[in-house]
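We name chains A, B, ... by the order of the sequence lines, and we start the count at 1 in each one.
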There are 2 protein chains.
Amino acid sequence: MTSETDAHTVRTTSIGWMIQRIARRLDRAMETRLAQHDLSVSQFAVMMTVLETEGLTQAEIGQQFSMPAYAISRALDHLEKAGYVARRPHPTSRRAHTIHATPSGVALGPQLFKIVQEVNAALVGGLSEADKNTFRDILTRLV
Amino acid sequence: MTSETDAHTVRTTSIGWMIQRIARRLDRAMETRLAQHDLSVSQFAVMMTVLETEGLTQAEIGQQFSMPAYAISRALDHLEKAGYVARRPHPTSRRAHTIHATPSGVALGPQLFKIVQEVNAALVGGLSEADKNTFRDILTRLV
DNA sequence: TTACAATTATTGCATTTGCAATTATTTTTC
DNA sequence: GAAAAATAATTGCAAATGCAATAATTGTAA
């Protein structure tokens, strides 16, 4: 690059910069909606994983979205206290737990899915179906 | 939507979910590289704005990326201590400051731009030029 | 012009987060 | 099979973050 490399150019053309801005907006939208269920975004992420796959260990949950073990521990403390999940002894290893959604956690599922759909719709509502698909395709390759 | 609405579907098709994942990865990449200049990502964001426009007030900086006033205050405390920026009295209002990059702050600029370019390249390096442009276009409409 | 409301910036305090250390258990190596 | 290394999960403590309160100044309305 030439002398075009100034702060303005970097900011307005940087894909990373734009993604960060969008991500922060999404975060705030999720926070606001999750507050009514007394959940933070990371607690929500853990809950979604538990709903998706029954009986994972905490380490396995962490690998799903590279979240450190201590954060899983604390998210589960909260989710367990709220009655959404339960830690059960692992069938073969005494140091691990398997994590399970309680009935109340399972009931929470659809409400969380709805929140995700609303927030997504608010974000990409202005795009055509074709653009939405293109966008999703590219994102899928980057994730 | 029908009964397809389960956690797996939500996770794998949600644009928001994918953006969040990518954003976290970008954040970590930026943190790592910014550490050598003793900067956090939000301090970096403030610094970029100062480099882009000389003499903004703190409130104006905050509006650029909807960052709360107290966060600007603290980011500037750090940037000022590090010698990258200076608060000067506002010409017409005694309660406001204007913010200016010091020579050392101006010298930092190109190094920050380089970091942004590297992190971007690492993210979208695998995409064709056409896809990159498409992606940038869509992002621009969403930001 | 005086009182009231709004703006700009900062700071105290509580909560959240991240790192490193710890405990308990399991696996590997010799 | 005993010692050492690795894994699973938790927790103490320091740093970062967010909220609410404050101080100082400026704008507005009576």
Worksheet item: For the hydrophobic clusters of this structure (ILVMFWY residues joined by side-chain heavy atoms under 4.5 Å, transitively), does one cluster hold both B:L127 and B:L142?
Response: yes
Worksheet item: Between the main-chain N or O of A:T13 and the side-chain N or O of B:R136, is there a donor-acceptor pair closer than 3.5 Å?
Response: yes
Worksheet item: Do B:W17 and A:N120 come close enough that some side-chain heavy atom pair is under 4.5 Å?
Response: no
Worksheet item: Is the shortest distance from a Lys or Arg side-chain nitrogen in B:K132 or B:E129 to a carboxylate oxygen in the other one below 4.0 Å?
Response: yes
Item to complete: Go through DNA chain D in 5' to 3' direction and return only the first and the last nucleotide with some atom under 4.0 Å of chain A's heavy atoms.
Response: D:dA6 to D:dC13
Worksheet, complete the sentence: Sorted by number, residues from residues 19-33 of chain B placing a heavy atom under 4.0 Å from DNA chain C are none
Worksheet item: Over how many whole Å does the gap from B:Q58 atom CD to C:dT11 atom C1' extend?
Response: 13 Å
Practice prompt. With heavy atoms under 4.0 Å as the rule, sort B:H97 into base, sugar-phosphate or nothing.
Written response: sugar-phosphate
Fill in: Separation between CD of A:Q20 and CZ of A:R24, rounded to the nearest 0.5 Å
5.0 Å
Discussion item. If you take any heavy atom closer than 4.0 Å to DNA chain D, which residues from residues 59-80 of chain B end up in contact?
Written reply: B:Y70, B:R74
Fill in: With sequence neighbours excluded, residues passing side-chain hydrogen bond (donor to acceptor under 3.5 Å, both in side chains) with B:H90
B:T92
Discussion item. Can you pull out the residues from residues 37-53 of chain A that lie within a 4.0 Å heavy-atom distance of DNA chain D?
Written reply: none
Worksheet item: How many angstroms lie between atom CE of B:M47 and atom CG of B:L34, to the nearest 0.5 angstrom?
Response: 12.0 Å
For residues 93-108 of chain A, dump all side-chain donor-acceptor pairs below 3.5 Å to protein atoms at least two apart in sequence or in another chain.
unit_1	atom_1	unit_2	atom_2	d
A:S93	OG	A:R95	N	3.4
A:H97	ND1	A:Q58	OE1	3.4
A:T98	OG1	A:H100	NE2	2.7
A:H100	ND1	A:E54	OE1	2.8
A:T102	OG1	A:G83	O	2.5
A:T102	OG1	A:Y84	O	3.2
A:T102	OG1	A:S104	N	3.4
A:T102	OG1	A:G105	N	3.0

Fill in: Pair A:T134-A:I138, side chain to side chain contact (heavy atoms under 4.5 Å, CB included): steps then yes or no
CA-CA 6 Å; A:T134 307; A:I138 296 179; 4.2 Å; yes
Worksheet item: So does A:R95 reach the base of C:dT25 with its side chain, donor to acceptor, closer than 3.5 Å?
Response: yes
Fill in: Flag for A:D6-A:T9: side-chain donor and acceptor within less than 3.5 Å
yes
Worksheet item: Roughly how far, to the nearest 0.5 Å, is the CG atom of B:L139 from the CD1 atom of A:I22?
Response: 5.0 Å
Worksheet item: Taking 4.0 angstrom as the limit, do B:K81 and B:D38 come out as a salt bridge?
Response: no
Item to complete: Select from B:S93 and A:R87 the residue whose nearest nucleotide in DNA chain D is closer to the 5' end of that strand.
Response: A:R87
Discussion item. Is there a continuous path of hydrophobic side-chain contacts, each under 4.5 Å between heavy atoms, that joins B:L79 to B:Y70?
Written reply: no
